[in-house]
Number of protein chains: 2
Amino acid sequence: MPMSESLQPLASPRATRSRTETQDDRVYAHIFDAILEQRLAPGTRLSEETLGGIFGVSRTIIRRALSRLAHEGVVLLRPNRGAVVASPSVDEARQILHARRLVERAITELAALHATSDQLEGLRRMVNEEHECFARGDRGAGIRLSGEFHLKLAEAARNAPLLSFQRSLVSQTSLIIAQYEGPSRSHCSYDEHSRLIDAIASRDAERAVALMMSHMDHIDSKLELGEDAGSGDLQQVFSHVMQERPPGRKPR
Amino acid sequence: MPMSESLQPLASPRATRSRTETQDDRVYAHIFDAILEQRLAPGTRLSEETLGGIFGVSRTIIRRALSRLAHEGVVLLRPNRGAVVASPSVDEARQILHARRLVERAITELAALHATSDQLEGLRRMVNEEHECFARGDRGAGIRLSGEFHLKLAEAARNAPLLSFQRSLVSQTSLIIAQYEGPSRSHCSYDEHSRLIDAIASRDAERAVALMMSHMDHIDSKLELGEDAGSGDLQQVFSHVMQERPPGRKPR
DNA sequence: GATTATGCGGCTGTATACAATCATTGCAAC
DNA sequence: GTTGCAATGATTGTATACAGCCGCATAATC
């Protein structure tokens, strides 16, 4: 089959993407978004052949996309056993959130130094978009946009390695939120993002960092990363190691 | 050709590697080490076919290895134009070193909390090995081992995302050292590493961090990241954008 | 003589065929 | 009824064939 142009599933998930993008980027982005928006639950198997069928490309492309996703930690690649959507354990979640605090602090400081007015404008637009998403109840897109806000901020910090690390942390955080968010669901108050931008715009690094840290506290407090001490629910305890299975499963 | 066992070039570059490791890892490690030990200079082209011939594997494997290396920033993957050994610009170098300070601080604090005596033992052994390398004048292996020390430390910090980020930063730092190190070449004093271990072993996080930061200062001071203001040497200025060429090149 | 076409060689991008591996299921033995 | 084993099916790991792109070199033109 010579690379049929058919089956092109929906246009690019979001508007802003280069025209020169290659196939892999398209596939990568689609799977990525699907995971972050929870259309693919943690633990879901990602068969190369199936995905190849869906996107109309060969396994080669899918494989590369999965490899990238694995590098970012949103997909787990088990040798000879295929790929699954990652489901961070409570301990992993703590590590990720800890790392993220460090990075967010650094990024905030740098952004307060280097952010251009264009970038600040872009950030404000993004907050509005995020606000709209939550207003109309699109939780998945909200989580994703909230993540993209932090990514845009990282861009403003002008430090490539930090940006790339942040990308991986934000992705994984989104996964954690999707997995562990408590019943409150009030959510990443766009208001916090908004005030953060104000502080950065006025070049007040200290205040910006303080806001960011309290923002992080907020996120942590909404998660239910219990004490991990025997919840009694086996299903829950082994969720990070369990395969997904069709509802009616037989024990043996 | 069914995967000829021939051409297996030298055993694994270092002793400690799992038996279950796949071909990939072997190729990856070889190229990685070659770059860090400067047997492959920045800018060198890495042809898939050539490498495949050398290691006796197909381009598929080489491609994966190169992709991993690109993720870590030691290889630059130019679409349709092949891979080259990365040569960080002065600005990129600064970003990397900045990020590294952040990470090293965090890692040092965590290591002071969590390092086990086994890990401390391993660190001390590593410092000795490093010492021997410099003693017998093996600069390449010295740089590599010095990097591995910082990686082992990151392991002791028990934070997977930080470890993986550190891996990428250390690799790139090695590249920077190889590229920009001044004439002094006195080098990453193993003594500093040694005293750092002492501080961590005595759980004195504050002192450990102070030592680490002065260690970072030391590294910075040995680099010649000039003011970047017209060094006059075009070759140098455009090194990050320039193709490598055989010595006898004609202008047009 | 300088500048722009054009053909050629080498290399990468993609798809696919084949081999190896793992998980599952059914059967036999205890 | 449970446990261990072997065949089977599905899925990934690897190699390779083919197509397309890039850059260089030669050749043609102004």
Side-chain angles (χ1 to χ4, degrees), chain A residues 1-8 18-28 31 43-70 75-85 241-246 248-252, chain B residues 1-8 18-28 31 43-70 75-85 241-246 248-252:
Chain A
M1 180 179 25
M3 227 298 276
S4 65
E5 277 300 310
S6 61
L7 267 173
Q8 211 85 317
S18 160
R19 270 337 114 210
T20 58
E21 78 179 350
T22 160
Q23 296 254 44
D24 333 312
D25 293 327
R26 189 174 62 89
V27 171
Y28 165 82
I31 301 178
T44 307
R45 290 202 53 176
L46 301 169
S47 150
E48 297 181 3
E49 201 164 6
T50 307
L51 288 170
I54 291 171
F55 291 104
V57 297
S58 82
R59 282 177 44 213
T60 310
I61 309 291
I62 302 295
R63 183 171 273 268
R64 257 219 301 286
L66 290 178
S67 165
R68 281 177 64 185
L69 290 163
V75 156
L76 184 64
L77 231 49
R78 303 164 304 174
N80 284 313
R81 305 207 32 222
V84 295
V85 177
V241 101
M242 201 171 49
Q243 324 297 346
E244 99 293 0
R245 243 185 230 270
R249 64 187 177 285
K250 47 188 171 189
R252 178 136 217 146
Chain B
M1 182 186 14
M3 228 298 274
S4 65
E5 278 300 310
S6 63
L7 268 172
Q8 211 88 312
S18 161
R19 273 334 116 212
T20 58
E21 80 180 349
T22 161
Q23 295 254 43
D24 258 53
D25 294 326
R26 189 174 61 90
V27 172
Y28 164 82
I31 301 178
T44 307
R45 290 202 53 182
L46 301 169
S47 150
E48 297 180 2
E49 203 165 0
T50 307
L51 289 170
I54 291 172
F55 291 104
V57 297
S58 82
R59 282 176 46 214
T60 310
I61 308 291
I62 302 295
R63 182 170 275 267
R64 256 218 303 284
L66 290 178
S67 163
R68 280 176 64 183
L69 290 163
V75 155
L76 185 62
L77 231 48
R78 303 163 306 175
N80 283 315
R81 304 203 37 218
V84 294
V85 177
V241 102
M242 198 174 51
Q243 325 299 348
E244 100 293 2
R245 243 185 232 270
R249 63 190 175 285
K250 47 190 171 190
R252 184 143 207 132

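Residue numbers start from 1 in every chain, and the chains themselves are labelled A, B, ... in the order their sequence lines are given, proteins ahead of strands.
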* Asked: CD1 of B:Ile62 versus P of C:dT12: gap in Å, rounded?
  -> 11 Å

* To do: Kindly say whether, by distance alone, the side chain of A:Arg59 makes a donor-acceptor pair under 3.5 Å with the base of D:dG13?
  => yes

* Ignoring the backbone of B:Thr60, work out which of D:dA15, D:dT14, C:dA15 is nearest its side chain. => D:dA15

* Starting at CZ of B:Arg45 and ending at P of C:dG10, how long is that distance when rounded to a whole Å? -> 13 Å

* **Positive for side-chain contact (heavy atoms from CB on, under 4.5 Å) with B:Leu46, one of B:Val84, B:Leu66, B:Leu77** => B:Leu66

* Asked: Does the side chain to side chain contact (heavy atoms under 4.5 Å, CB included) test come out yes or no for A:Arg63 and A:Thr60, once each step is laid out?
  -> CA-CA 5 Å; A:Arg63 183 171 273 268; A:Thr60 310; 5.7 Å; no

* To do: Take the C1' atoms of the five end pairs on each side of the helix from C:dG1-D:dC30 to C:dC30-D:dG1, derive the two axes, and give their angle rounded to 10 degrees.
  => 10°

* What's the CG-P distance between A:Leu66 and D:dG13, to the nearest Å? -> 10 Å

* To do: Using the side-chain contact (heavy atoms from CB on, under 4.5 Å) rule, pick out the option among B:Ile31, B:Asp25, B:Val75, B:Val27 that qualifies with B:Arg68.
  => B:Asp25

Protein-nucleotides 20-23 of chain C N/O pairs under 3.5 Å:
residue: C:dA23; atom: OP1; partner: A:Arg81; partner atom: NE; Å: 2.7

* Minimal non-hydrogen separation, A:Arg45 against A:Arg81, with atom names -> NH2-O, 3.7 Å

* Asked: CZ of B:Arg64 versus C1' of C:dT12: gap in Å, rounded?
  -> 17 Å

* What is the distance from CZ of B:Arg63 to P of D:dT16, rounded to the nearest Å? -> 15 Å

